[in-house]
Amino acid sequence: MRAAFAGMPWWVKWVAVPLLAIFVFGGVITTIIGTLIAFVFKALLFVALVGGLIFAVKKFTGSGSKSSAGDW
């Protein structure tokens with residue numbers, strides 16, 4: 001592979017080949033990045049909802065009875 005690029009100008013190696021790779025595999029790259037972003041968003045949403053649920057349960061049940069934190 002190195003011999004194939006030996007006689008080529010610099011712009012073929014550093015501009016044309018990466019642009020062709022993005023053109024050919026762009027859909028795959030976009031799908032992978034979109035899936036990762038969606039997963040991270042859903043994970044953060046899950047953490048926020050669980051944290052809100054724990055906060056609400058402690059706020060409403062903690063006012064009626066004074067129990068220690070070790071009752072879990």
Side-chain angles (χ1 to χ4, degrees):
M1 190 61 124
R2 189 174 297 232
F5 285 116
M8 299 287 175
W10 67 270
W11 59 269
V12 172
K13 292 187 269 190
W14 299 105
V15 178
V17 172
L19 284 177
L20 285 173
I22 290 172
F23 177 74
V24 172
F25 298 108
V28 175
I29 293 169
T30 304
T31 302
I32 291 170
I33 291 173
T35 303
L36 287 175
I37 290 173
F39 177 75
V40 169
F41 174 75
K42 288 179 183 179
L44 289 175
L45 181 64
F46 176 73
V47 169
L49 289 174
V50 169
L53 178 66
I54 291 171
F55 175 77
V57 168
K58 284 191 176 191
K59 181 176 175 94
F60 290 116
T61 60
S63 62
S65 65
K66 298 287 184 187
S67 64
S68 65
D71 286 348
W72 284 64

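With a 4.5 Å cut-off between side-chain heavy atoms of Ile, Leu, Val, Met, Phe, Trp and Tyr, the cluster of I37 takes in F23, V24, F25, I29, I33. Through chains of ILVMFWY side-chain contacts below 4.5 Å, L53 is grouped with V57.
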Exercise. Take F46 and K42 through the test side chain to side chain contact (heavy atoms under 4.5 Å, CB included) and record every step on the way to the result.
Key: CA-CA 6 Å; F46 176 73; K42 288 179 183 179; over 6 Å; no
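Residues satisfying the side-chain contact (heavy atoms from CB on, under 4.5 Å) criterion with I32, sequence neighbours excluded, are V28, L36. For V40, the side-chain contact (heavy atoms from CB on, under 4.5 Å) criterion is met by L44, not counting sequence neighbours.
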Identify every side-chain donor-acceptor pair in residues 7-15 under 3.5 Å, counting partners at least two apart or on other chains, and give the distances.
none

